[in-house]
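Structure first, then comments.
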Amino acid sequence: MDHVAVLALFDRDMREGARPDGPGARIERVPGVVRQVASEHGWNGVVWSDLDEASADAAIAEQRRYFAGLGREFEWKLYGHDLPVDLGRRLRAAGFTAAPEETLMVAEVADLTLDVEPPDGVRIVPVTDRAGVDLVADVHEKAFGTDSTRMRHQLLAQVTDDPDAVVAVVALAGDVAVSAARMELVPGTRFAGLWGGGTVEGERGRGIYRALVAHRAKVAAERGYRYVQVDATSQSRPVLARLGFEPLTTTTPYVSP
């Protein structure tokens, strides 16, 4: 994989050319910044910027004023290759809090092994309704120890109003949900985004996460997407590397004060 070329394509398709990630959201392009504006339960934030040392501080202040005027908390999604090189320091100086750094990992679907089955006794089922969304959200809370209210509302809206743009699945051991994940599909782009893959404690290390990645990548291939991308944690990065994903850059969410 040509890392420089694929990263540039990712920036064009998924950041500078961003589309709304769900019903009720909109993309706004203002000088130097592309941002998403959504409801209080959606994701609000800066997805791309084209700044330099002279313009960065003013742009940061303007985004703070803008989202404060809407009464929205927001996130500045900073990538490791974004300029200026001290943009993260400038965000922290403006009061933003950095969440844990993740790694943008990308794989070409044609290079992946997709005939990966879940372990014995585990089956993967699609999520198509509120009951399924609740299972995904419950697994998310157990696996990550975080509140899933926003994700629950957003996924339900996607499944209800724009089902072709999301693929959500739950892994069941018997009748118990033990892992869950989703994939967001943006028409007109070459990247399918894998999100939220998590397995509850006690079921990890059995290959369930790997099976969910392969399942979603297979759907992406069937729908004509060339690449799949993940914001990988330190825990998932080794698994994804073994599957054929390659690291392109880092990504750090900076949360508004």
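Basis for what follows: all heavy atoms, side chains included, without hydrogens, waters or symmetry-related copies.
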Check the surroundings of atom [atom1] in [X]: do more than 12 heavy atoms from other residues, nucleotides or ligands lie under 6.0 Å from it?
{"X": "E28", "atom1": "CD", "answer": "yes"}
{"X": "E222", "atom1": "CD", "answer": "yes"}
{"X": "D2", "atom1": "CG", "answer": "yes"}

### Query
Is there a side chain to side chain contact (heavy atoms under 4.5 Å, CB included) between Y79 and D82 once you walk through the steps?
CA-CA 5 Å; Y79 288 79; D82 287 347; 3.7 Å; yes
Does [X] reach the side chain of [Y], with side-chain heavy atoms less than 4.5 Å apart?
{"X": "I27", "Y": "R35", "answer": "no"}
{"X": "V127", "Y": "V133", "answer": "yes"}
{"X": "L240", "Y": "Y209", "answer": "yes"}
{"X": "L104", "Y": "Q229", "answer": "yes"}

Check: Taking it one step at a time, do R182 and V167 satisfy side chain to side chain contact (heavy atoms under 4.5 Å, CB included)?
Finding: CA-CA 5 Å; R182 66 189 190 278; V167 174; over 6 Å; no
In terms of side-chain heavy atoms, does [X] have a donor or acceptor partner in [Y] at a distance below 3.5 Å?
{"X": "S148", "Y": "E141", "value": "yes"}
{"X": "H3", "Y": "E246", "value": "yes"}
{"X": "Q36", "Y": "D21", "value": "yes"}

Could you state the interatomic distance from [atom1] ([X]) to [atom2] ([Y]), rounded to the nearest 0.5 Å?
{"X": "T103", "Y": "D231", "atom1": "OG1", "atom2": "CG", "answer": "9.0 Å"}
{"X": "L212", "Y": "M183", "atom1": "CG", "atom2": "CE", "answer": "11.5 Å"}
{"X": "F245", "Y": "E108", "atom1": "CZ", "atom2": "CD", "answer": "12.0 Å"}
{"X": "L155", "Y": "H41", "atom1": "CG", "atom2": "NE2", "answer": "14.0 Å"}
{"X": "L83", "Y": "D50", "atom1": "CG", "atom2": "CG", "answer": "8.0 Å"}
{"X": "R223", "Y": "L185", "atom1": "CZ", "atom2": "CG", "answer": "5.5 Å"}

Establish whether [X] and [Y] are linked, either directly or via other cluster members, by ILVMFWY side-chain heavy-atom contacts under 4.5 Å.
{"X": "L194", "Y": "V219", "value": "yes"}
{"X": "I208", "Y": "F144", "value": "no"}
{"X": "Y66", "Y": "L91", "value": "yes"}
{"X": "L78", "Y": "I60", "value": "yes"}

Heavy-atom closest pair, residues [X] and [Y]:
{"X": "A143", "Y": "V200", "answer": "CB-N, 4.3 Å"}
{"X": "V109", "Y": "V228", "answer": "CG2-CG1, 4.0 Å"}
{"X": "S39", "Y": "N44", "answer": "O-ND2, 3.2 Å"}
{"X": "V116", "Y": "A214", "answer": "CB-CB, 3.7 Å"}
{"X": "L112", "Y": "A107", "answer": "CD2-CB, 3.7 Å"}
{"X": "A94", "Y": "P257", "answer": "O-CG, 3.9 Å"}

Main-chain N/O of [Y] paired to [X] side chain as donor or acceptor, under 3.5 Å:
{"X": "R15", "Y": "V47", "result": "yes"}
{"X": "R216", "Y": "A181", "result": "no"}
{"X": "R152", "Y": "A137", "result": "no"}
{"X": "S179", "Y": "G198", "result": "yes"}
{"X": "S55", "Y": "D52", "result": "yes"}

Query - Output field: ring centroids Y225/F191 closer than 6.0 Å - result: no
For this session: Please find out if less than 6.0 Å separates the ring center of F96 from that of Y254.
Result: no
Applying side chain to side chain contact (heavy atoms under 4.5 Å, CB included) to M1 and V106, what does each step give before you reach the verdict? CA-CA 9 Å; M1 180 188 297; V106 174; 4.2 Å; yes
- request: Please determine if E62 and R64 form a salt bridge, counting it only when a charged side-chain N lies under 4.0 Å from a carboxylate O.
  value: no
Side chain to side chain contact (heavy atoms under 4.5 Å, CB included) assessment of L156 paired with R130 = CA-CA 6 Å; L156 181 59; R130 181 183 293 272; 3.4 Å; yes
>> D86: which residues meet the side chain to side chain donor-acceptor pair (under 3.5 Å) condition with it, sequence neighbours left out?
In response: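 Testing D86 for side chain to side chain donor-acceptor pair (under 3.5 Å), a comparison that skips the adjacent residues, returns R89, R90.
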Q | R237: partners by salt bridge (Lys or Arg N to Asp or Glu O under 4.0 Å), with sequence neighbours left out | A |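 Not a single residue meets the salt bridge (Lys or Arg N to Asp or Glu O under 4.0 Å) criterion with R237.
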